[in-house]
Amino acid sequence: MLPRLLTLTLLTLTLTALHLPAMDHNAQLLHRLDFAATLLHEQNSDAGQQAIAGDLRIGDLDGDGSIEFLVYRSRGGAVANEGLKPCWMAAVKQDGSILWQDGAGGLQPTRPGPVLVHDIDHDGRDEVICLFTRGAAPGPATALNDVVVQIRDGATGAVRKESAPQVITERAGEGANWVHQRLLACDLRGTGHPRDLVIKLGDTLVALDDELAVLWHWQCRWTQYGKCPAYIPAVGDLTGDGRDEVLGGYFILNGDGTPRWQQQLAPNMDSVSVEAWDDGRPRAIASGGGHVLDADGGPVVALGTKLVPHGQEARVGRFAANKPEPHMVIRWNGHHGDAITVATDGTIAKRFMLNDSHNHTGMETVRWHGASGPDLLFNGGWLWNPITGTGAPLPDLPAAWDKAPGRMAWWHAIPVDCNGNGREELVVYDPWRGSVFIYGHADASTGPGFVRSPRTHNARLMD
């Protein structure tokens with residue numbers, strides 16, 4: 001590792017060369033974990049051989065108040081285009097000790113897959129909820145007939161509940177972003193805690209309860225690539241009735257699975273979320289055409305496809321210092337660094353260029369300064385101020401593997417309040433590496449411990 005003084009000198013020279021002022025994010029590397037060699041897997045590719053750990057989720061798996069890491073691999077992988085079937089996983093503490101591991105083999109998942117770390121029974125310890133491959137002879141890459149849904153004890157990996165719903169196991173296909181499959185925790189029934197699950201399988205959404213019984217399933221009629229709903233749906237209470245709705249960009253479903261609104265709003269509806277917007281009202285954020293919608297699909301902001309021809313990502317945060325109003329940052333030109341910052345009235349507050357990342361995706365809002373703000377924007381190992389359009393790299397973060405095949409090759413980030421001090425840290429990892437980095441504010445005080453939130457269990461992890 002470079003000496004600290006040399007690192008700071010190189011950082012200053014880099015920022016000077018790029019004509020970017022150093023940001024006052026005051027970030028420091030709080031912790032680095034290198035996974036044990038026994039957890040790594042040698043994966044071959046046209047670019048050579050690489051020792052990988054796999055994709056990552058975080059949570060408090062043993063109830064000790066600190067985060068642990070859940071790493072997993074899937075049948076096939078990025079080269080084989082078969083990353084949807086987790087077949088090996090391990091739970092690892094921050095000191096590198098292994099709580100448990102199960103399964104065998106596996107390669108780097110093609111995309112962030114159907115694995116969730118979440119306290120579904122509300123007992124103060126997180127469970128691992130996942131699709132998992134059973135049987136020595138896997139089925140076809142695009143079929144789920146060899147997959148079960150599981151809830152595992154976070155501390156031991158023991159399977160508590162397992163189910164193979166027909167509506168899941170009989171699904172197969174490539175269309176409507178079939179490769180994007182993510183379990184989301186939500187409160188569809190109004191129990192007061194996210195005890196329900198939603199998974200998108202191509203053109204179909206399947207909702208499960210905490211016993212893994214099917215609550216409902218719903219099929220979308222738009223299936224053409226580039227003109228279909230978001231890669232990954234979002235969940236949140238848009239109506240204030242205590243039950244979450246499901247947002248897909250072209251639809252909003254009620255908690256019982258009935259459509260509340262449907263419209264093929266704009267092409268490239270890649271990213272959606274439910275966020276507080278005007279005067280704190282929860283709104284549907286939709287990257288396609290740069291839209292902010294109410295619970296019935298009515299436009300609050302509609303930038304249109306001239307301003308946003310390909311809305312690849314949209315993120316919301318309180319980015320302006322000393323102001324409660326949020327802004328939305330949109331990567332508006334597809335897989336490029338072009339970004340705009342949008343105010344609540346729809347005006348463009350800033351245009352700027354983000355730093356390169358392997359697939360020009362991976363933005364995430366981080367509440368770096370806590371409730372008082374301002375928030376910052378993570379992208380590909382950098383932290384950005386979207387109001388001024390200035391950014392700087394995180395210190396001591398090595399380069400991502402730029403020869404990796406497939407999509408999963410850049411610095412992903414999960415924002416999390418690790419210490420309970422009200423400020424979010426960043427868990428940063430490259431799925432093609434065997435290391436995890438935790439960054440935080442240099443002068444942040446410590447608190448009672450890890451704080452769970454939808455931002456940890458339903459981390460966006462765009463690819």
Side-chain angles (χ1 to χ4, degrees), residues 84 110-114 116 173-186 197-207 217-236 238 244-254 257 259-275 277 282-295 297 299-305 308-316 328-335 342 359-365 407 412 454-455 458-463:
L84 310 180
T110 308
R111 302 293 206 281
L116 173 68
E174 294 269 6
N177 288 316
W178 176 256
V179 295
H180 298 278
Q181 297 181 2
R182 197 83 54 82
L183 281 163
L184 298 173
C186 51
L197 305 166
V198 166
I199 183 171
K200 174 179 174 284
L201 303 172
D203 58 5
T204 299
L205 287 172
V206 180
H217 61 93
W218 180 81
Q219 190 170 16
C220 176
R221 65 179 183 268
W222 294 293
T223 60
Q224 182 182 350
Y225 181 77
K227 296 182 178 180
C228 60
Y231 298 153
I232 307 153
V235 293
L238 287 163
D244 285 337
E245 284 75 43
V246 183
L247 167 67
Y250 286 1
F251 58 80
I252 297 173
L253 303 184
N254 293 310
R260 184 178 189 87
W261 164 82
Q262 297 184 70
Q263 183 182 339
Q264 195 175 29
L265 200 59
N268 301 299
M269 185 57 70
D270 295 345
S271 173
V272 295
S273 63
V274 177
E275 309 281 357
W277 187 247
R283 299 298 194 189
I285 309 299
S287 67
H291 282 84
V292 179
L293 309 170
D294 65 23
V300 178
V301 171
L303 299 180
T305 53
V308 184
H310 184 155
Q312 181 66 31
E313 292 180 289
R315 294 291 181 264
V316 171
M328 173 172 58
V329 181
I330 302 179
R331 193 189 298 268
W332 58 268
N333 192 25
H335 292 280
V342 184
N359 194 43
H360 286 292
T361 50
M363 295 193 322
E364 187 53 81
T365 300
R407 303 268 183 157
H412 291 267
R455 289 165 58 75
N458 286 344
R460 300 307 298 169
L461 301 177
M462 280 292 291
D463 54 12

Relative to the ring of H310, is the ring of H335 parallel (under 30°), tilted (30 to 60°) or perpendicular (over 60°)?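 Ring orientation, 0 to 90° scale: perpendicular.
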Could you measure the distance from the [atom1] atom of [X] to the [atom2] atom of [Y]? Nearest 0.5 Å is fine.
X	Y	atom1	atom2	value
R111	Q181	CZ	CD	11.5 Å
L238	D294	CG	CG	8.5 Å
L253	D244	CG	CG	12.0 Å
M328	R283	CE	CZ	12.5 Å
N254	W261	CG	CH2	13.5 Å
Y250	Q263	OH	CD	10.0 Å

Which atom of [X] lies closest to which atom of [Y], heavy atoms considered:
X	Y	result
R315	M363	NE-O, 3.0 Å
V198	A207	CG2-CB, 4.3 Å
L205	P233	CD2-CG, 3.9 Å
C220	P229	SG-CG, 3.4 Å
P282	V274	CB-CG1, 4.4 Å
P112	L461	CG-O, 3.3 Å

Which residue, L265, I285, V300, forms the side chain to side chain contact (heavy atoms under 4.5 Å, CB included) with L293?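 Running side chain to side chain contact (heavy atoms under 4.5 Å, CB included) over L265, I285, V300 with L293 returns exactly one hit, L265.
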Looking at [X] and [Y], would you say the former's side chain and the latter's main chain have a donor-acceptor pair under 3.5 Å?
X	Y	answer
R460	G362	no
W218	G257	no
Q312	T361	no
T365	V316	yes
S287	G311	yes

Evaluate side-chain contact (heavy atoms from CB on, under 4.5 Å) for H291 paired with V308, printing each intermediate quantity in order. CA-CA 10 Å; H291 282 84; V308 184; over 6 Å; no
Any pair with a residue in residues 259-271 that passes salt bridge (Lys or Arg N to Asp or Glu O under 4.0 Å), sequence neighbours left out, goes on the list, sorted by first then second residue, please.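 Applying salt bridge (Lys or Arg N to Asp or Glu O under 4.0 Å) to every pair that reaches into residues 259-271, excluding sequence neighbours, yields R260-D296.
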Measure the shortest side-chain to side-chain distance between W332 and P309 over non-hydrogen atoms and say whether it is less than 4.5 angstrom.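 Contact flag for W332/P309 side chains = yes.
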Could you tell me if the side chain of L184 sits less than 4.5 Å from the side chain of V246, heavy atoms only?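 Not touching, per the 4.5 Å side-chain cut-off.
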Show, in sequence, the C-alpha distance, side-chain angles and deciding distance for D203 and C228, and conclude whether the side-chain contact (heavy atoms from CB on, under 4.5 Å) test is met. CA-CA 9 Å; D203 58 5; C228 60; over 6 Å; no
Kindly indicate, with the supporting measurements, whether the criterion side-chain contact (heavy atoms from CB on, under 4.5 Å) is fulfilled by L116 and N458. CA-CA 8 Å; L116 173 68; N458 286 344; 3.9 Å; yes
Name all residues meeting the side-chain hydrogen bond (donor to acceptor under 3.5 Å, both in side chains) criterion together with S273; count only those two or more places apart in sequence or in a different chain, and write none if there are none.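 Applying side-chain hydrogen bond (donor to acceptor under 3.5 Å, both in side chains) to S273 gives E275.
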